K.L.:
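This is the structure, below, for whatever I ask next.
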Protein chains: 2
Amino acid sequence: MDGREPKEMILILRKIGCDVITQTLDVSDYILSENLAVERKKGGDFSGSLVDNRLFEQLERLKDTFKSCILIIEDFEKMFERPKMKVSSLYGAMNSIAIRLKIPIIPTRNLQDTAICLKRLAIREQINQEGHALARHAPKEMSLEERKCFILEGLFDTGPKIARILVDKFKTPYNLFKAIEKSELTYTKNGNPKGINGPLDTVKGIGFKWLEKNKKLFS
Amino acid sequence: MDGREPKEMILILRKIGCDVITQTLDVSDYILSENLAVERKKGGDFSGSLVDNRLFEQLERLKDTFKSCILIIEDFEKMFERPKMKVSSLYGAMNSIAIRLKIPIIPTRNLQDTAICLKRLAIREQINQEGHALARHAPKEMSLEERKCFILEGLFDTGPKIARILVDKFKTPYNLFKAIEKSELTYTKNGNPKGINGPLDTVKGIGFKWLEKNKKLFS
DNA sequence: CTGTAATCTTTATGA
DNA sequence: TCATAAAGATTACAG
């Protein structure tokens, strides 16, 4: 973090388990990795630096220096205390930062919150590097039947209705997979989609497209 | 704007010079152009929809529907009023929205401010025509690999990590089901759980309990 | 989304 | 080879 940031911030960050080193930074307030920097601005300063045009100058330099950066607006309601400043100018500025400069804005209530936010950002950037795994979260207290449906709802074009029909007919997911493997797509002489041949051909709700898509899961 | 938004909003917007029509909207609260939609969320609703997992579901649908979209968090400090909700969860959620989903967040103090912000956004989008500065994301479909993992995450005691291991080893869900069927639970002479015999015996992360539970899906 | 609790697998150890 | 304990990793759940 930049040495000119509040001394209290070091203490708070260390207290919540962050490793911090201070150093004079030219363009940002916090550097979380080679690629990610954070600019912290108090609400009051935001309107201040907007009037003398320092704000956008600063942010554009930030953007040129780091691959990605974030603007934290601390105590954001303070931004409106400057009486002469039009409210629409402030929102216009925020819109412009978010849309034109593409710099994400995170509002916080105070220094303490900013520290918490910085910690989360650091964890995301430095530790969680894992490619985002799509968490699927099952409603609790699921019966065996419900669990079977839940698995089948993972298939292409399969919601609760179709899943129920399939479990009723095939009893287990494994049986269904066997049925999908055995079922064949049929085509007309001209090569156009015709229908299904096999265990799945009589199932309501299952058609050519469904089978075509879900057969992909076997390759 | 969506018809379920506060009636007062129509009045405020008209008063500050916006043309507004109301209509029932499926995925967003305000549509400013073919390409730009805005979701308005009150601070309290933000934390509320976070607990029951509706928040990200909603935002992801929004992102898939419009080229660009914006999240306005109205009266943002209210989000912290749920006493048992962890502050770090809230900032983590905002970070994720801003960074992973790349949806800009604009905080406002109240309904009036939201109206002002919407007007600025409308001017930028409809009049200034500064081009579509917001990134366009190709509608993302789950890849085949992801879909296979997704299905397997329906199994008992199976999260992203285990699902990935299983897909890497067995390639397809069907192969895994065959492997489960072939694998046998083994016991010591005293009848205590010992291990696994079969294709699954060498798989890291899979043990006696896992197989025992998931064999239930075959009955 | 986070932090914690519960659960499971694996490794280590002694009999 | 088995039983038990401790350690490490992952999943489940509440807020």
Side-chain angles (χ1 to χ4, degrees), chain A residues 15-18 104 106-108 112-113 115-128 130-142 146-147 150-151, chain B residues 41 43-60 71 73 76 78-101 103 105 149-150 152-169 183 185-197 200-216:
Chain A
K15 193 171 189 172
I16 61 179
C18 299
I106 309 286
T108 69
Q112 172 79 39
D113 276 19
I116 293 172
C117 185
L118 283 169
K119 181 186 173 184
R120 299 292 351 147
L121 286 168
I123 289 175
R124 168 185 288 275
E125 179 72 13
Q126 299 167 12
I127 301 174
N128 273 13
E130 46 187 292
H132 211 75
L134 28 106
R136 197 179 173 198
H137 127 82
K140 58 185 169 184
E141 281 195 32
M142 215 188 277
E146 287 172 322
R147 172 68 66 167
F150 186 67
I151 293 172
Chain B
K41 230 162 188 41
D45 299 340
F46 185 88
S47 41
S49 58
L50 182 59
V51 283
D52 50 27
N53 271 24
R54 274 181 309 115
L55 180 61
F56 282 87
E57 225 171 79
Q58 230 170 48
L59 290 177
E60 248 159 82
L71 173 64
I73 302 183
F76 115 97
K78 275 263 173 37
M79 101 171 45
F80 301 94
E81 289 190 357
R82 243 163 221 256
K84 303 232 173 129
M85 173 68 81
K86 284 182 279 286
V87 174
S88 49
S89 295
L90 294 165
Y91 285 109
M94 283 194 276
N95 290 341
S96 190
I97 291 167
I99 297 173
R100 199 186 92 234
L101 296 181
I103 296 178
I105 297 172
C149 288
F150 188 71
L152 266 38
E153 281 176 42
L155 294 165
F156 290 108
D157 296 333
T158 305
K161 293 283 199 326
I162 300 288
R164 166 58 54 192
I165 292 170
L166 291 171
V167 170
D168 283 346
K169 183 158 177 67
S183 297
L185 296 166
T186 62
Y187 299 83
T188 64
K189 276 181 286 194
N190 301 352
N192 293 322
K194 183 178 166 191
I196 300 174
N197 213 318
L200 280 164
D201 64 355
T202 58
V203 183
K204 276 272 188 206
I206 300 297
F208 188 93
K209 290 281 188 182
W210 188 96
L211 184 58
E212 185 182 44
K213 279 193 190 177
N214 282 296
K215 272 205 172 269
K216 292 207 173 84

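Sequence lines set the chain letters: A, B, ... in the order given, protein chains first and strands last, and positions in each chain run from 1. Here the structure is a predicted model, which is why all the values come from computation and not from measurement.
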K.L.:
For D/dT11 and B/Thr158 - does any side-chain N or O of the residue sit under 4.0 Å from the phosphate oxygens OP1/OP2?
P.N.:
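No, B/Thr158 has no side-chain N/O under 4.0 Å of OP1/OP2 on D/dT11.
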K.L.:
Starting the side chain at C-beta, find the nucleotide from D/dA3, D/dT11, C/dT2 nearest to B/Asn190.
P.N.:
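Of the candidates, D/dA3 comes closest.
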K.L.:
When you check the phosphate oxygens OP1 and OP2 of D/dA3, does a side-chain N or O of B/Asn192 lie under 4.0 Å from one of them?
P.N.:
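For D/dA3, OP1/OP2 do have a side-chain N/O of B/Asn192 under 4.0 Å.
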K.L.:
Tell me whether the side-chain N/O atoms of A/Arg120 come closer than 4.0 Å to OP1 or OP2 in C/dC1.
P.N.:
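False: A/Arg120 side-chain N/O out of range (4.0 Å or more) of C/dC1 OP1/OP2.
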K.L.:
Given D/dC2, C/dT11, C/dC8, identify the nucleotide with an atom nearest to the side chain of B/Lys194.
P.N.:
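When the side chain of B/Lys194 is considered, D/dC2 is the closest of D/dC2, C/dT11, C/dC8.
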K.L.:
Between D/dC2, C/dC1, D/dT11, which nucleotide has the shortest distance from any of its atoms to the side chain of B/Lys161?
P.N.:
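My answer, after comparing the listed nucleotides, is D/dT11.
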K.L.:
How close or far is atom C1' of C/dC1 from atom CZ of A/Arg124, stated in whole angstroms?
P.N.:
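Distance, rounded to whole Å: 9 Å.
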K.L.:
Go through the steps to decide whether B/Lys209 and B/Asp157 satisfy the test salt bridge (charged side-chain N to carboxylate O under 4.0 Å, His left out), and finish with yes or no.
P.N.:
CA-CA 9 Å; B/Lys209 290 281 188 182; B/Asp157 296 333; over 6 Å; no
K.L.:
Mind checking if B/Asn95 touches a base, just sugar-phosphate, or nothing, with heavy atoms under 4.0 Å?
P.N.:
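B/Asn95: no heavy atom of the nucleic acid under 4.0 Å.
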K.L.:
What's B/Leu90 touching, base or sugar-phosphate or nothing? Going by heavy atoms closer than 4.0 Å.
P.N.:
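Nothing, no heavy atom under 4.0 Å.
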K.L.:
Return the value, rounded to whole Å, for the distance between atom NZ of A/Lys119 and atom P of C/dT2.
P.N.:
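Answer to the nearest Å: 11 Å.
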K.L.:
What does B/Arg82 touch in the nucleic acid at a heavy-atom separation under 4.0 angstrom: a base, only the sugar-phosphate, or nothing?
P.N.:
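Result for B/Arg82 = nothing.
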K.L.:
Rounded to whole angstrom units, what separation is found between the CD1 atom of B/Ile162 and the C1' atom of C/dT9?
P.N.:
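To the nearest whole Å, that distance equals 9 Å.
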K.L.:
For the side chain of B/Pro160, counting heavy atoms from C-beta on, which of C/dG3, C/dT11, D/dT11 is nearest?
P.N.:
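The answer is D/dT11.
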K.L.:
Heavy atoms under 4.0 Å, any strand shown: does B/Tyr91 hit a base, just sugar-phosphate, or nothing?
P.N.:
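If one applies the 4.0 Å heavy-atom cut-off, B/Tyr91 turns out to touch nothing in the nucleic acid.
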K.L.:
Please report the distance, rounded to the nearest Å, between CD in B/Gln58 and P in C/dC1.
P.N.:
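These atoms are roughly 15 Å apart.
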K.L.:
Expressed as a whole number of angstroms, how long is the span from A/Arg136:CZ to D/dC13:P?
P.N.:
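For the pair A/Arg136 CZ and D/dC13 P, the rounded distance is 15 Å.
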K.L.:
What pair of heavy atoms forms the shortest contact from B/Met94 to B/Ile105, and how long is it?
P.N.:
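Nearest heavy atoms, B/Met94 then B/Ile105: O-CD1, 3.6 Å.
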K.L.:
What nucleotide among D/dT11, C/dT2, C/dC1 has an atom nearest to a side-chain atom of B/Lys86?
P.N.:
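Of all the options, the side chain of B/Lys86 is nearest to C/dT2.
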K.L.:
Of all the nucleotides listed (D/dA3, C/dC1, C/dG3), which has the minimum atom distance to the side chain of B/Thr188?
P.N.:
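Output: D/dA3.
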K.L.:
Any base atoms under 4.0 Å from B/Lys209, or only sugar-phosphate, or nothing? Heavy atoms, all strands.
P.N.:
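Sugar-phosphate contact only - B/Lys209 comes under 4.0 Å of backbone atoms but never of a base.
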K.L.:
Less than 4.5 Å apart, any side-chain heavy atom of A/Glu125 and any of B/Ile99?
P.N.:
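The answer is no; the side chains never approach within 4.5 Å.
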K.L.:
Please check if the distance between the ring centroids of B/Phe156 and A/Phe150 is under 6.0 Å.
P.N.:
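Centroid separation for B/Phe156 and A/Phe150: 6.0 Å or greater.
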K.L.:
Any base atoms under 4.0 Å from B/Leu55, or only sugar-phosphate, or nothing? Heavy atoms, all strands.
P.N.:
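No contact at all - B/Leu55 keeps every heavy atom at 4.0 Å or more from the nucleic acid.
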K.L.:
Identify which nucleotide among D/dC2, C/dG3, C/dC1 has an atom closest to any side-chain atom of B/Ala93, counting heavy atoms from C-beta outward.
P.N.:
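It is C/dC1.
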K.L.:
For DNA chain C, whose closest nucleotide is more 5', that of B/Lys213 or that of B/Lys204?
P.N.:
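The answer here is B/Lys213.
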K.L.:
State which of D/dC2, C/dG3, D/dA12 makes the closest approach to the side chain of B/Lys189.
P.N.:
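Out of D/dC2, C/dG3, D/dA12, the nucleotide with an atom closest to B/Lys189's side chain is D/dC2.
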K.L.:
Between B/Phe80 and B/Tyr91, what is the ring plane arrangement, given parallel below 30°, perpendicular above 60°, and tilted in between?
P.N.:
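Judged by the thresholds at 30° and 60°, the geometry between B/Phe80 and B/Tyr91 is tilted.
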K.L.:
With the side chain counted from C-beta on, respond yes when B/Lys41 and B/Leu55 share a heavy-atom pair under 4.5 Å apart, and no when they do not.
P.N.:
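With C-beta onward as the side chain, the pair touches.
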K.L.:
Whole angstroms only, please: what is the CD1-C1' distance between B/Ile165 and D/dT11?
P.N.:
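Roughly 12 Å, once rounded to whole Å.
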K.L.:
Whole-Å distance between C/dT9 C1' and B/Leu185 CG?
P.N.:
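Roughly 15 Å, once rounded to whole Å.
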K.L.:
Expressed in angstrom and rounded to an integer, what is the separation of B/Leu166 atom CG from C/dT9 atom C1'?
P.N.:
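One finds 14 Å between C1' of C/dT9 and CG of B/Leu166, rounded.
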